[in-house]
Number of protein chains: 2
Amino acid sequence: MSETKPMSAAGQRILVAAGDLFYGRGITAVGVDLIAEHSGVTKRTLYNQFGSKDQLVVAYIEEREQRWRLLVRETIAAASPMDAVLAPLEALRTWNQSNPRGCAFINALAELPDPAHPAHLIATQQKQWLLTLFTDLATAAGCSAPDTLATQLLVLHEGALVTQQLPLDTLSASIELAHELVRASILH
Amino acid sequence: MSETKPMSAAGQRILVAAGDLFYGRGITAVGVDLIAEHSGVTKRTLYNQFGSKDQLVVAYIEEREQRWRLLVRETIAAASPMDAVLAPLEALRTWNQSNPRGCAFINALAELPDPAHPAHLIATQQKQWLLTLFTDLATAAGCSAPDTLATQLLVLHEGALVTQQLPLDTLSASIELAHELVRASILH
DNA sequence: TCGTGGGTATACTGATCGGTGAACTAGACC
DNA sequence: GGTCTAGTTCACCGATCAGTATACCCACGA
């Protein structure tokens, strides 16, 4: 459903520049002229490729979500079934290094209050996906009460993600606590 | 240091309207004309009271922070020393009802990337304050390793705050888990 | 009674916003 | 050679942005 068009080289450069700027400075604060300038492309080309700023925002969120899911799946694939439960947390270790300004989806929700906005939908669905993933992983690892555990892990995940700007290693703290929760859950 | 001026009735109306609009629609997306209109005040009055949009943003963040601290202090005062550790979490029960769009400080940070911006500073200091508060409360309750516990509680707090938009009672899950952590910490 | 300070009303500035029109250019494929 | 496509150049649109200017109004206190 996503293979409708391969996207031109110019289109990709636009998307990269838009990603950096939207995430780094905020969606509303960044104008299309600035994106065009940073991607070495004409504003006309930007509109030929994406149609409107709103659609470019949607493309930005979609791309971010796909990259994130890919990283999580790779981390899961590289872990043992029991460690896989913590994979989304471990993935943050890598992710946060190139994304030091908090969660792009939460930040986007802050700027896109309209629940009907496509980007708003994608951002909320991303969290739903993560919750379901935690539940599946917990079930596969043989945890008791996987739903409860998944909710706890989601909270730890979002908490660690959102507090990364503080001079505190909240990610390690979250992973350690998550590890204990998983272990306790497996031992009934 | 905050009692320099009592603020006129018009000033208070402006601050209330600005709070609703900034929090509800985003800071950058809301213009001064809209705020003036919603507070039934002339734009001239707005500028006479606050000087610039930036200073109004700072006033908005400051007011929010003071209200939040007040609520937390009241919740602490109404709790037993052992339950006081969970007071900031419990305070969210009340707070979230009138603030359903996530954490105002995180949302503000998303839109104000400049670390030198006064509102940026206040927003980050707010979390530092909360961390210190958790540490003090944990120490007062006789918890072992209060620093570690405080970090965990902060993560749970932020996680619950940020996931409130999901159709999940993450706040109750966070409080229950926090309760267990505190109990385990007191029993060494 | 006379200022004076807080407020209103309205018009305005220059800059920037998202978005468009039209003509032109370079390369790829037939 | 001819056509088609993606991209460029650049001028332009109306709306909105933050912020200012000028003049007026009115209640309150000395």
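Keep in mind that the numbers below use all heavy atoms, side chains included, and drop hydrogens, waters and symmetry copies. It should be emphasised that the depicted structure is a prediction, and the values quoted were computed from it without experimental measurement. Every chain is numbered from 1 and lettered A, B, ... according to where its sequence line falls, protein lines coming before strand lines.
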Legend entry - Main-chain N/O of A:Asn99 paired with A:Gln164 side-chain donor or acceptor, under 3.5 Å: yes
Inset, instruction - Indicate yes or no for a side-chain donor-acceptor contact from B:Ser8 to the backbone of B:Gly11 under 3.5 Å, with no hydrogens or angles considered. - result: yes
Inset, instruction - For A:Asp54 and C:dG18, give me the distance from atom CG to atom P, rounded to whole Å. - result: 11 Å
Inset, instruction - Classify the side chain of B:Arg44 and the base of C:dG7 as holding, or not holding, a donor-acceptor pair under 3.5 Å. - result: no
Legend entry - DNA chain C contacts made by residues 13-29 of chain B, counting heavy atoms under 4.0 Å: none
Inset, instruction - Please report the closest heavy-atom contact between B:Leu89 and B:Ser174, naming both atoms and the distance. - result: CD1-CB, 4.3 Å
Legend entry - Distance in angstrom units between A:Glu37 CD and C:dC17 C1', rounded: 15 Å
Inset, instruction - State whether A:Arg183 and A:Glu180 are salt-bridged, where the test is any N-O pair (Lys NZ or Arg NE/NH1/NH2 against Asp/Glu carboxylate O) under 4.0 Å. - result: no
Legend entry - Side-chain touch A:His38/A:Asp20, heavy atoms, less than 4.5 angstrom: no
Legend entry - Side chain B:Thr135, main chain B:Leu131, donor-acceptor under 3.5 Å: yes
Inset, instruction - Evaluate the side-chain proximity of B:Leu56 to B:Phe22: yes if any heavy-atom separation is below 4.5 Å, no if none is. - result: yes
Inset, instruction - Report which part of the nucleic acid A:Thr45 touches: base, sugar-phosphate, or nothing (heavy-atom distance under 4.0 Å, all strands). - result: base
Legend entry - Length of the CD-P vector between B:Gln49 and C:dG5, whole Å: 14 Å
Inset, instruction - Give me the first and last nucleotide of DNA chain D, going 5' to 3', that has any atom under 4.0 Å from a heavy atom of chain A. - result: D:dG7 to D:dT9
Legend entry - Minimum-distance nucleotide (side-chain atoms of B:Thr42 versus C:dG7, C:dC17, C:dA9): C:dA9
Inset, instruction - Measure the distance from CG on A:Leu56 to C1' on C:dG19 and round it to the nearest whole Å. - result: 14 Å
Inset, instruction - Output yes when a side-chain donor or acceptor of B:Thr139 lies under 3.5 Å from a complementary backbone atom of B:Pro146, and no otherwise. - result: no
Inset, instruction - Could you tell me whether A:Gly40 contacts a base, only the sugar-phosphate backbone, or nothing, with contacts defined as non-hydrogen atoms closer than 4.0 Å? - result: sugar-phosphate
